Amino acid sequence: MPKTIIVVSLLISLIASQIAFGQPSCPEFFAGGQPPVLVNAKLSNKYRLFCNSGFANGHSGLTRGPLWGAELLTKQDIDEGRGAARHDNFRPDTRLPVSERSELKDYSRSGYDRGHIVNNRDLTPENRDESFLLSNIVPQVPENNRGIWSAIESATRYEAKRRGQIYVITGALFQGQPLQSLKGRVIIPTSLYKCIYDVSKQQAGCYTTANTSGDQYAVASVAEVELAAGINLFPAMPLQVKMQLIKLPVPKARR
DNA sequence: CGGGCCTCCCCT
DNA sequence: AGGGGAGGCCCG
């Protein structure tokens, strides 16, 4: 086949995939350039993928919040961002239709924290502002967010520094019925998870924690989390890597 | 270990 | 703008 035809057909398929999903492309945040794929068909309604400067979100208009956030976490980014002040700027994501997004008033005086999916401190200072988009925020029990979850985020940054760089996918689980909500609008996740993938070492693993007070957490394989989430989080990850149960640093909770 | 100090992530 | 609780880190 002539080279021009190959190039043209590649371009057409690329454009077609963009049109088909109505989504921009940001392969740099995904292992193998491949974003998560929904397996559970119930999630696909009102599902959108957003590319930001420092990370990507898969967003559900049904829960009015992110299902997952993806980033490439590097030692360099963490070192560069160290010590930079945080400037809160929580705001609704106007890329979403009103019918699919959460608003500040949903969270106000709700008793729930606005919990980051992709963490503010993981991003470079110039990219941090977009972590406050509500498309990256879920209702989180305050004791969980400020306690064990904060420790899991620290442990994850430690792993990134130790390994040089890792792909990270953080997400929310909505399990069982009935699910609780803020004002009948924003569905409250029952659990959160954070999975890491070290491509050079072909190692992967996840933390999970129930969205409750207390410092309980568990370590799980990517395969287990994918099954619970109904999402193929890392389409490019070999099955044997998904099945691994690697040792992750203990997120310490003081007792 | 314990204490002091810093970091994190929110709240009003 | 100011506050606070929890956790991390370092030093003894």
Side-chain angles (χ1 to χ4, degrees), chain A residues 52 54-55 57 63-66 68-69 71 73-93 101-163 166 168-173 180-183 185-194 196 206-219 247-255:
Chain A
N52 297 315
F55 64 96
N57 281 127
T63 66
R64 292 183 190 257
W68 56 261
E71 58 193 305
L73 188 53
T74 70
K75 174 179 179 351
Q76 188 181 342
D77 286 350
I78 294 168
D79 289 344
E80 282 177 11
R82 207 159 43 88
R86 165 166 161 158
H87 298 291
D88 285 14
N89 186 21
F90 292 102
R91 59 194 187 280
D93 191 334
R101 72 191 188 214
S102 66
E103 307 285 349
L104 292 174
K105 59 175 160 44
D106 290 321
Y107 286 88
S108 177
R109 287 182 290 278
S110 68
Y112 283 82
D113 275 5
R114 291 169 294 201
H116 283 76
I117 290 299
V118 173
N119 180 248
N120 183 260
R121 303 293 298 204
D122 287 0
L123 303 168
T124 59
E126 60 270 21
N127 287 340
R128 280 184 189 171
D129 188 66
E130 61 195 12
S131 80
F132 295 105
L133 287 165
L134 293 188
S135 53
N136 184 49
I137 299 292
V138 295
Q140 195 172 1
V141 170
E143 293 80 2
N144 182 270
N145 186 31
R146 305 171 195 188
I148 186 64
W149 186 248
S150 179
I152 288 171
E153 290 173 332
S154 291
T156 302
R157 277 192 291 277
Y158 174 83
E159 273 299 90
K161 283 195 273 190
R162 194 170 73 78
R163 294 170 179 272
I166 52 178
V168 180
I169 294 187
T170 309
L173 296 182
Q180 292 186 288
S181 69
L182 305 182
K183 306 177 193 301
R185 287 167 41 85
V186 185
I187 309 299
I188 299 168
T190 48
S191 299
L192 299 183
Y193 63 84
K194 191 178 276 291
I196 73 162
C206 307
Y207 295 102
T208 67
T209 177
N211 189 14
T212 56
S213 59
D215 51 21
Q216 312 303 315
Y217 80 99
V219 171
K247 202 171 162 196
L248 292 172
V250 175
K252 287 186 210 101
R254 183 161 45 191
R255 280 299 118 190

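Any value given below was found using the heavy atoms of this structure, including those in side chains, with hydrogens, waters and symmetry copies removed. All values reported here derive from a predicted model rather than from experimental measurement.
Protein atom CG of Asp113(A) is 16 Å distant from nucleotide atom P of dC8(B), rounded to whole Å. The interatomic distance linking Trp149(A) (CH2) with dC9(B) (C1') rounds to 14 Å, in whole Å. Remark: C1' of dA6(C) and CD1 of Ile148(A) are 11 Å apart, rounded to the nearest angstrom. Atom-to-atom, CG of Asn89(A) to P of dA1(C) comes out at 14 Å; the value is rounded to the nearest Å. Computed from coordinates, the Arg86(A) CZ to dC11(B) C1' distance equals 11 Å when rounded to whole Å. The interatomic distance linking His87(A) (NE2) with dG2(C) (C1') rounds to 16 Å, in whole Å. Atom CZ of Arg157(A) and atom P of dT7(B) are 13 Å apart (whole Å). Going from atom CG of Asn144(A) over to atom C1' of dG5(C) covers 15 Å, rounded to whole Å.
Using a 4.0 Å cut-off, some side-chain N or O of Arg114(A) falls inside it from OP1 or OP2 of dC11(B). Between Asn145(A) and dC10(B) there is a side-chain N or O to OP1 or OP2 distance below 4.0 Å. Between Arg121(A) and dC9(B) there is no side-chain polar atom (N or O) within less than 4.0 angstrom of OP1 or OP2. For His116(A), no side-chain nitrogen or oxygen approaches OP1 or OP2 of dC8(B) to under 4.0 Å.
Side-chain proximity of Ser150(A) to dC10(B), dC8(B), dG8(C): nearest is dC8(B).
Among residue pairs with one or both ends in residues 137-156 of chain A, none qualify as ring pair (Phe, Tyr, Trp, His ring centres under 6.0 Å); sequence neighbours excluded.
Annotation: salt bridge (charged side-chain N to carboxylate O under 4.0 Å, His left out) contacts of Glu103(A) (sequence neighbours excluded): Arg101(A).
Using a 4.0 Å heavy-atom cutoff across all strands shown, Glu143(A) reaches no nucleic acid atom at all. Among the atoms of the strands shown, base atoms are found under 4.0 Å from some heavy atom of Asp88(A). Heavy atoms of Asn119(A) sit under 4.0 angstrom from primed sugar atoms or phosphate atoms, though from no base atom. As judged by a 4.0 angstrom heavy-atom cut-off over every strand, Tyr107(A) is placed among residues making no nucleic acid contact.
Within the 3.5 Å criterion, the main-chain N or O of Arg121(A) finds a donor-acceptor partner in the side chain of Asn119(A).
Under the 30°/60° scheme for interplanar angles, the aromatic rings of Tyr217(A) and Tyr207(A) are found to be tilted.
With rounding to the nearest 0.5 angstrom, the CG atom of Leu182(A) is 6.5 Å from the CG atom of Asp106(A).
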